[in-house]
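Okay, structure first, notes after.
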Number of protein chains: 2
Amino acid sequence: MRPPSVSDVARRAGVSKATAARVLGGYGRVSAAIHAAVSAAAAEIGYRPNELARSMTTGRSDTIGIVVGDIANPFFAVAVHAMSQVLRAEGFGVLLANSAESLAEEKAAIDTLLGRRVDGMIVSPADMRESSHLRAIVDSGVPLVQFDRCAAGLAVAGVTADDRDVAAEVTHMLIRRGHRRIAYFTACETDSGRFSDLEEIGTGSVRERIAGFLAAGEGLEDTALEVVVGAVGAKRAQSLATEVLSRGAEAPTAMIASDSTIGLGLYTAARAAGIAIPQALSLVTFHDADWTAIAHPGITVISQPARRLGEEAARMLIRQIQTGDGTCAHRVVPCRIIPRGSVGDGPVS
Amino acid sequence: MRPPSVSDVARRAGVSKATAARVLGGYGRVSAAIHAAVSAAAAEIGYRPNELARSMTTGRSDTIGIVVGDIANPFFAVAVHAMSQVLRAEGFGVLLANSAESLAEEKAAIDTLLGRRVDGMIVSPADMRESSHLRAIVDSGVPLVQFDRCAAGLAVAGVTADDRDVAAEVTHMLIRRGHRRIAYFTACETDSGRFSDLEEIGTGSVRERIAGFLAAGEGLEDTALEVVVGAVGAKRAQSLATEVLSRGAEAPTAMIASDSTIGLGLYTAARAAGIAIPQALSLVTFHDADWTAIAHPGITVISQPARRLGEEAARMLIRQIQTGDGTCAHRVVPCRIIPRGSVGDGPVS
DNA sequence: CTGTTAGCGCCTTCAA
DNA sequence: TTGAAGGCGCTAACAG
C-alpha cells in the first residue's frame, strides 16, 4: 500500500512525470486542459505530495524546531502557542522538543532537529554557561533565535523580557516601602544548596533577575537581600518559605517569587503560618497566574508578555530565514507590574 | 555550505560510498579498521545523517504528529508533555500542531502531517461529528489514536477519561445533597446560543459529560437541570453566571464548570454577587487547577488524569506502530473527585 | 507549453 | 568484507 506518487498521477492523466509534477507542485506553466486532467487524476487516487522528498530537492523542510524547558509550564505553553501561530501562518510546521531544563536532553533534542534538517530553531537554553551545542546550530547554517534566555558570549539573536530591569524596579519599590529584609526565591539549584555567586545560576533569565534584585539593594546592609535557591515546585517552595519565615525578627518582610508555582508555595506558607499579607509580609511573584487574582489579598505580579515574546521570536526567525540575514538582533520586551494589594509597608516606612 | 553527506565521508576515508554508509548507518558488516577510519572521517568533517533522506528509503520518519485543540490549555500541555516523553524514549520525534478547536485548522494540520509522512498520529478531534479527515489518516495506513475525545462511528483506538460517569457521579452527589437546580457550564457553542440537544455539542468529552449530567437528573423536574453554552473564557463565563445567578428563586443552587477557566469565572461571579459558597451556592469544576486549592473555600474538583491519559495514548500508538496491529482498543482512565468544601447542602436536604 | 534527464542523500540489492 | 549500481519521490535544468 505505497501512497500514490507523481508518477502514478502522471500515468493516470496520460502525461509525463514532469508535467504532472508541475501542476502538483504548483510551479512552471501548464495548459488549462492538462492542469484539469492532472488535478482530477490526483484527486481520484488521493495523491498527497511527499514533503520529505520535496525537502530533499529543495533543501528546505518548512519546519521549525522549538526547544523549551517545559511545555507544561504556562509561560512556555503560551509562548509556544504564539510561535506556532505565527510560524504556521508563514507555512512552517513546528517540531517541538522538551529539554526538561536538562542540558543533556537539550543537546539530544537539538541533534535530532538538526538531523531532521529544520529550517530554523528557537531554543530556550537550559544553561547559559554552555553554548557549544548552540554554536553547532549556527555552524550548520541553521538560523537560530534564543528565547527567554541567552547563552553567554554567543552572538546569536534572542528575545527576552526585561528581567533585570523589572526585578530591580520591584525591589526598589519594596525598599521604598520600607522593607529591609527581602528574599528572592528561585527554582535554580546550586551545588552547595545555598546562593553565593551569580555565576552559579545557569538559567539566564533568572540570573538577570537576581542581578537586578541585588543591584537594587546596593547600599543596604548585607543582611537586607537574600536569595533562596532550590525552590522546585510549590511544595518545596512552601517548606523553604516556612523555614525562612520562622526566623522571627530575622525573617524577611518581603518575598519575591521567580515564578508563579513558587509564588503559590510562598502564599500557602504564609497562610499556614498565620502571617498576614500584606501587613506582616509583602509578596510579589513573576507571572500573572490565575490564582494571583483571586487570592486574598490579590497578589501583586510581574506579568510576563509570553505571547508577545513568542510572536517576536517567531517573527525574528522568519526574517532571518527569508533574508538570510545573520544579524544577531536582540529584542527585549518589557514586563508589566500589576499591583493587587499584596505589597504593604515595611518597618522603616 | 551544503552539510557533509556520506559521499564526503567516504571520499575522506578513502572507501566507497556503500561502505561509509554501512558504518554511518550502523548496518551490515564492516572491518574494524575501516569502521574506525570512517568514524574518524565523519567526526572530522562533522557529518550528521540526513534523516529526511533516510526516511525516503526506509519509509519511516520516526516522527509522530500530535494535534490538540490548545497547547496553552494546562490539560493539553501536561498531556502533550507526557506523550513527548514516552515517544522520545522510543526514539520518536514529535510534530505538534494546534487546531484552536477549529475543524478547518484540524484538517489542515492533519494534511500537513500526512504530507510529512509521520509514522503515527494522536489527535483530539475538535468535532466528533466530522470524521472524514480522520478516516483519511487511517486510509493512508497511518496508525492513529484519538485523545480525550472520540469521533462518532469511527473504529479507531482512543484514550479518554470516564467523562460521562464522573459527571453523573458529581451530579448525583449534588442531588443527594438536596440540590434541585443545577447548571452545567460549557465553552461549547450552539447555533441558537442555547442548549436544546446533545447533538449540538461537538466536543466529544463535553458531550459525554453533559450526557452523564442529564442522565443523573432523570426523574427530577424539567427545570432541575440546565446547560449553559458559550462560556468561552473566564470573562464570558463570569457574565453568563452573573446573569443566571440574578434570577432570584429561579437561580441554580449548584453549578458545574466544564473546565477550570470556566470555574474561575463562576467563582468570581459568585463572589462579586456576594453569594456565599457553599452556603448559598455549590460549585464544582473539572480540572484540578492550582487556584482551586487556595480559593475560599477550596473548590471541589474533578481531577483529570492528564499525564496518564497522555502516556497511555502514546503507548497505545507505539504498540500499534510496532505490531502493525490495527485493533481499535479504547481505553478509559478514571477521573478522581477531590472534595474541598465548595459543595454544601441544597434546599431539599 | 511539454518531455527528457539528472540529481538530492540514503539504503539495498547484487557482484566481486 | 567491499564496491558498483539502482531507486525512493520530488524538483530543476535543459531541450524540443
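Order of the sequence lines sets the chain letters (A, B, ...), proteins ahead of strands, with each chain counted from 1.
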Practice task
Kindly state which residues belonging to residues 45-60 of chain B come within less than 4.0 angstrom of DNA chain D, counting heavy atoms of the residue only, listed by number.
Solution key: B:M56, B:T57

Handout entry: Whole-Å gap separating P (C:dC10) and OH (B:Y27)
Key = 9 Å

Handout entry: Donor-acceptor side-chain pairing of B:R315 and B:Q320 below 3.5 angstrom
Key = no

Problem - Polar side chain donor-acceptor pair, B:S16 to B:T19, under 3.5 angstrom - result: yes

Fill in the blank from the handout: When rounded to the nearest 0.5 Å, the distance separating OG1 of B:T160 from CD of B:E312 is 11.0 Å

Practice task
Would you indicate whether A:R129, at its atom CZ, is surrounded by more than 12 heavy atoms from other residues, nucleotides or ligands within a distance under 6.0 Å?
Solution key: yes

Exercise for the section: Determine yes or no for a side-chain-to-main-chain donor-acceptor pair under 3.5 angstrom, with A:S102 supplying the side chain and A:E105 the backbone. Expected result: yes

Fill in the blank from the handout: Quick note, side chain to side chain donor-acceptor pair (under 3.5 Å) partners involving residues 62-81 of chain B, not counting sequence neighbours, are A:N98-B:H81, A:R116-B:T63, B:R60-B:D62

Exercise for the section: For A:Q146 and A:V123, indicate whether the former's side chain and the latter's backbone hold a donor-acceptor pair under 3.5 Å. Expected result: no

Practice task
Calculate, to the nearest 0.5 Å, the distance between atoms CZ and CD1 belonging to A:R11 and A:I45 respectively.
Solution key: 8.5 Å

Exercise for the section: Give me the ring orientation class for B:F147 and B:F75: parallel if the planes are under 30° apart, tilted from 30 to 60°, perpendicular past 60°. Expected result: parallel

Handout entry: Interatomic distance, A:E90 atom CD to A:L87 atom CG [nearest 0.5 angstrom]
Key = 8.5 Å

Exercise for the section: Give the first and the last nucleotide of DNA chain D, reading 5' to 3', that has any atom under 4.0 Å from a heavy atom of chain B. Expected result: D:dT1 to D:dG9

Problem - pair B:I64-B:L317: side-chain heavy atoms closer than 4.5 Å - result: yes

Handout entry: Where at least one partner belongs to residues 148-160 of chain A, residue pairs that pass salt bridge (charged side-chain N to carboxylate O under 4.0 Å, His left out), sequence neighbours excluded
Key = A:E101-A:R149

Exercise for the section: Describe, as an angle rounded to 10 degrees, how the axis at the first end of the helix from C:dC1-D:dG16 to C:dA16-D:dT1 is tilted relative to the axis at the last end, five pairs per end. Expected result: 40°

Grab the N/O contacts between the protein and nucleotides 2-6 of chain C below 3.5 Å, and write none if there aren't any.
residue, atom, partner, partner atom, Å
C:dT2, OP1, A:S31, OG, 2.8
C:dT2, OP2, A:S31, N, 2.6
C:dT2, OP2, A:S31, OG, 3.4
C:dG3, OP2, A:S16, N, 3.2
C:dG3, OP2, A:S16, OG, 3.1
C:dG3, OP2, A:T19, OG1, 2.4
C:dG3, N7, A:R22, NH2, 2.5
C:dG3, O6, A:R22, NH1, 3.3
C:dG3, O6, A:R22, NH2, 3.2

